[in-house]
Amino acid sequence: MTVFPWQKAAWQKLLSNPDKMPDVLLLDGPDGHGKLRFAQCLAQSLLCLQPDDDHTACGHCQSCYWFSTYNHPDYVFIGIAEESSTSDSSSKRHSGHILIEQIRALDDIVYQTTHLGKARIVVIDQVDRLHPNAANAFLKKLEEPSLH
């Protein structure tokens with residue numbers, strides 16, 4: 001997976017010094033411009049054990065394999081939650097929000113050591129859809145990290 005051509009300048013600027021990557025990034029822009037894809041490419045590249053000269057993921061190391069199979073233990077994706085619409089759990093609908101339970105579940109992941117010694121990355125898609133309680137929990141997590 002690579003970034004779109006219109007994202008190349010931002011990519012090069014951001015990864016010109018990967019050792020000085022900020023702890024938190026907020027990607028903003030119009031719908032349909034590839035922000036999620038950019039975030040996923042960035043996550044894979046930062047987790048890659050053998051990145052290319054242009055800092056893109058190699059695509060063949062253990063980390064890239066885990067990422068491509070959606071099983072990377074150091075990568076978490078959070079998106080709009082699904083809720084059961086009836087007592088039958090096979091019937092799901094979108095809640096329209098990212099729920100507090102999704103943010104609380106980060107405790108089990110982000111406060112552990114990394115599996116490959118690189119980074120721990122959380123991508124939250126549509127962060128503007130955080131339920132108010134989830135937003136408060138997320139801000140608290142950012143402001144007062146656990147001492148685990």
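Below, all heavy atoms of this structure are taken into account, side chains as well, without hydrogens, waters or symmetry copies. Residues: numbered from 1 along the sequence shown.
- A continuous path of Ile, Leu, Val, Met, Phe, Trp and Tyr side chains, each step under 4.5 Å between heavy atoms, connects L142 with I124, placing both in one hydrophobic cluster.
- Side chains of L27 and L42 form no contact here, defined as non-hydrogen atoms less than 4.5 Å apart.
- For the pair I98/I80, a side-chain contact is recorded, criterion being any heavy-atom separation below 4.5 Å from C-beta on.
- Nearest heavy-atom pair, F67 versus A43, reported as atom, atom and distance to 0.1 Å: CE1-CB, 4.0 Å.
- Residues L139 and V127 fall into different hydrophobic clusters, defined by Ile, Leu, Val, Met, Phe, Trp and Tyr side chains chained together at heavy-atom separations under 4.5 Å.
- Between W66 and H115, the ring planes are perpendicular. Angles over 60° get that label, and only those under 30° would be called parallel.
- Here the CG-NZ distance, from D107 to K141, works out to 3.5 Å after rounding to the nearest 0.5 Å.
- Distance check, rounded to the nearest 0.5 Å: OG of S45 to CH2 of W11 gives 3.5 Å.
- Linking Ile, Leu, Val, Met, Phe, Trp and Tyr whenever their side-chain heavy atoms come within less than 4.5 Å puts V76 and L130 in one cluster.
- Atom CG of D128 sits in a crowded spot, with more than 12 heavy atoms from other residues, nucleotides or ligands closer than 6.0 Å.
- A 4.5 Å side-chain heavy-atom check between L15 and L46 finds at least one atom pair inside the cut-off.
- Residues G59 and C64 come closest through the heavy atom pair N-SG, 3.3 Å.
- Listed here is the closest heavy atom pair of T114 and D74: CA-OD1, 3.5 Å.
- The distance from the CG atom of L106 to the CD1 atom of I78 is 4.0 Å, given to the nearest 0.5 Å.
- In this structure a side-chain-to-backbone donor-acceptor pair under 3.5 Å is missing from T56 to D52.
- Between the SG atom of C48 and the NE2 atom of H72 there is a distance of 9.0 Å, given to the nearest 0.5 Å.
- Going from atom NE2 of H60 over to atom CG of L49 covers 9.5 Å, rounded to the nearest 0.5 Å.
- At distances below 3.5 Å, at least one donor-acceptor pair connects side-chain atoms of R120 with backbone N or O atoms of Q112.
- The backbone N or O of L99 lies less than 3.5 Å from no partner atom in the side chain of H97, so there is not a single donor-acceptor pair.
- Annotation: side-chain contact (heavy atoms from CB on, under 4.5 Å) contacts of A119 (sequence neighbours excluded): L47, I121.
- The backbone N or O of G79 sits less than 3.5 Å from a side-chain atom of Q102, completing a donor-acceptor pair.
- Listed by first then second residue, pairs satisfying side-chain hydrogen bond (donor to acceptor under 3.5 Å, both in side chains) with a partner in residues 30-44 number zero, not counting sequence neighbours.
- Placement of F138 and I100 in two distinct hydrophobic clusters is found when ILVMFWY residues are connected by side-chain heavy-atom separations under 4.5 Å, directly or transitively.
- Both L14 and Y75 belong to a single network of hydrophobic side chains, linked directly or stepwise wherever heavy atoms of I, L, V, M, F, W or Y lie under 4.5 Å apart.
- Residues forming a side-chain contact (heavy atoms from CB on, under 4.5 Å) with Q7 (at least two apart in sequence, or on another chain): V3, F4, F38.
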